[in-house]
Amino acid sequence: ETPTQVKKSKNQVISKLQLAEKELLHYMLNNKEVVDKFEVQLSYFITPEYKDIANLIADYILNVKEDDEYNVKSIISYLSNSDVKINNKEQITNDLIDLSLNSMKIPPYSDEIFKELVETIKNERQMISNLDFYKTSSKNMSEIEKSKYAKACLNKIKNQITELDKKRRN
């Protein structure tokens with residue numbers, strides 16, 4: 001279990017990224033304004049099933065009348081009754097139901113919570129990007145070069161974390 005992971009159950013670990021994306025999706029399912037803010041500040045999720053749901057929500061908003069009802073039930077209905085080109089409709093329906101059933105565990109929406117979720121998602125994306133960059137960049141290096149490069153990457157991440165801590169304290 002890494003620092004960016006949280007135990008979900010005995011055999012399952014869910015990342016901070018997945019938790020933040022899931023919570024933000026919950027807010028998106030219950031408030032169109034959050035969808036607009038999401039589109040401006042993040043625009044996509046990394047977790048594939050959450051990415052599919054976010055795309056479905058955006059598609060729903062684009063293709064229904066302004067005064068149509070907006071809730072999980074209407075989105076599921078849209079998914080099942082429309083020609084939406086999504087391969088895994090049944091899984092998305094199940095995920096939508098799961099998101100709505102687990103809503104009691106999620107605090108009420110606030111701009112502060114939204115800001116924290118966006119920051120968490122951006123930070124986790126950066127960590128993934130750094131790791132991917134290291135993996136691809138170090139393929140043809142000797143073990144000594146890899147070790148030096150890893151140390152430099154870790155120092156860069158440490159500096160990013162230090163900067164984030166400074167921002168949070170202010």
Side-chain angles (χ1 to χ4, degrees), residues 2-6 8 13-133 157 159-170:
T2 68
T4 61
Q5 295 176 328
V6 178
K8 186 176 180 184
V13 174
I14 186 165
S15 72
K16 277 186 184 179
L17 176 69
Q18 291 168 317
L19 285 172
E21 287 180 343
K22 186 174 185 176
E23 189 171 331
L24 187 50
L25 259 180
H26 165 77
Y27 296 129
M28 290 169 66
L29 286 169
N30 293 292
N31 186 336
K32 281 185 187 178
E33 290 174 16
V34 177
V35 178
D36 293 337
K37 290 172 80 171
F38 164 80
E39 291 290 335
V40 169
Q41 295 190 32
L42 288 170
S43 76
Y44 70 95
F45 287 131
I46 290 179
T47 308
E49 58 267 27
Y50 299 154
K51 184 185 288 189
D52 290 344
I53 293 171
N55 289 339
L56 171 66
I57 293 169
D59 190 63
Y60 173 81
I61 290 172
L62 285 173
N63 291 298
V64 296
K65 295 178 196 140
E66 185 69 31
D67 57 340
D68 280 356
E69 194 173 357
Y70 182 79
N71 57 37
V72 175
K73 183 179 175 185
S74 62
I75 294 169
I76 290 173
S77 177
Y78 171 76
L79 176 63
S80 61
N81 295 328
S82 72
D83 294 328
V84 176
K85 290 178 174 63
I86 295 179
N87 296 331
N88 46 353
K89 284 186 180 185
E90 188 176 324
Q91 182 60 50
I92 289 176
T93 301
N94 291 336
D95 289 342
L96 286 166
I97 292 167
D98 180 57
L99 281 165
S100 65
L101 292 176
N102 288 320
S103 64
M104 295 184 338
K105 300 174 186 173
I106 297 176
Y109 176 79
S110 71
D111 287 336
E112 186 61 33
I113 288 175
F114 180 82
K115 184 178 171 185
E116 289 172 12
L117 291 171
V118 167
E119 186 176 312
T120 297
I121 292 167
K122 285 182 176 180
N123 292 341
E124 292 297 310
R125 282 183 187 171
Q126 185 62 49
M127 295 289 235
I128 290 168
S129 175
N130 289 346
L131 187 60
D132 288 345
F133 182 76
I157 292 169
N159 291 337
Q160 288 173 340
I161 291 170
T162 303
E163 286 300 312
L164 288 171
D165 285 342
K166 285 179 186 177
K167 284 180 185 176
R168 286 188 187 128
R169 288 185 196 138
N170 295 334

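All figures in this text were calculated on a predicted structure; none of them were measured in a lab.
- In this structure, the ring of Tyr27 has its center no less than 6.0 angstrom from the ring center of Phe38.
- Side-chain atoms of Ser74 and Asn71 include a donor-acceptor pair closer than 3.5 Å.
- Other residues, nucleotides and ligands contribute over 12 non-hydrogen atoms within 6.0 Å of the CD atom of Gln41.
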Working note: Tyr44 + Ile121, criterion side chain to side chain contact (heavy atoms under 4.5 Å, CB included); need CA distance, chi angles, decisive distance, verdict. CA-CA 10 Å; Tyr44 70 95; Ile121 292 167; over 6 Å; no
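- Under the 4.5 Å side-chain criterion, counting only non-hydrogen atoms from C-beta, Val35 is not in contact with Tyr60.
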Starting from the C-alpha separation in whole Å, work towards a yes-or-no answer on side chain to side chain contact (heavy atoms under 4.5 Å, CB included) for Asn31 and Tyr70. CA-CA 8 Å; Asn31 186 336; Tyr70 182 79; 5.8 Å; no
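- Residues Ile106 and Lys22 are not in side-chain contact: their nearest non-hydrogen atoms beyond the backbone lie 4.5 Å or more apart.
- Between the side chains of Tyr78 and Asn63, at least one donor N or O sits under 3.5 Å from an acceptor N or O.
- More than 12 heavy-atom neighbours from other residues, nucleotides or ligands sit within 6.0 angstrom of NZ on Lys32.
- In this structure, Asn123 contributes its side chain and Glu119 its backbone to a donor-acceptor pair below 3.5 Å.
- Looking only at distances, a side-chain donor or acceptor of Glu21 sits under 3.5 Å from a matching main-chain atom of Ile46.
- The backbone N or O of Arg125 lies less than 3.5 Å from no partner atom in the side chain of Ser129, so there is not a single donor-acceptor pair.
- Inspection of the Asp95 and Gln91 side chains reveals an N or O donor paired with an N or O acceptor under 3.5 Å.
- Looking only at distances, a side-chain donor or acceptor of Thr120 sits under 3.5 Å from a matching main-chain atom of Glu116.
- Distance check: Leu24 CG to Leu117 CG gives 5.5 Å after rounding to the nearest 0.5 Å.
- Relative orientation of the Phe45 and Tyr50 rings is perpendicular, given thresholds of 30° and 60° on the angle between their planes.
- With contacts defined as side-chain heavy-atom distances shorter than 4.5 Å, the pair Asn55/Asp59 does not qualify.
- Between Leu99 and Val72 the shortest side-chain heavy-atom distance does not fall below 4.5 Å.
- Within the 4.5 Å cutoff, no side-chain heavy atoms of Asn30 are placed close to those of Tyr109.
- In this structure the side chain of Asn159 never reaches within 4.5 angstrom of the side chain of Glu163, judged on heavy atoms.
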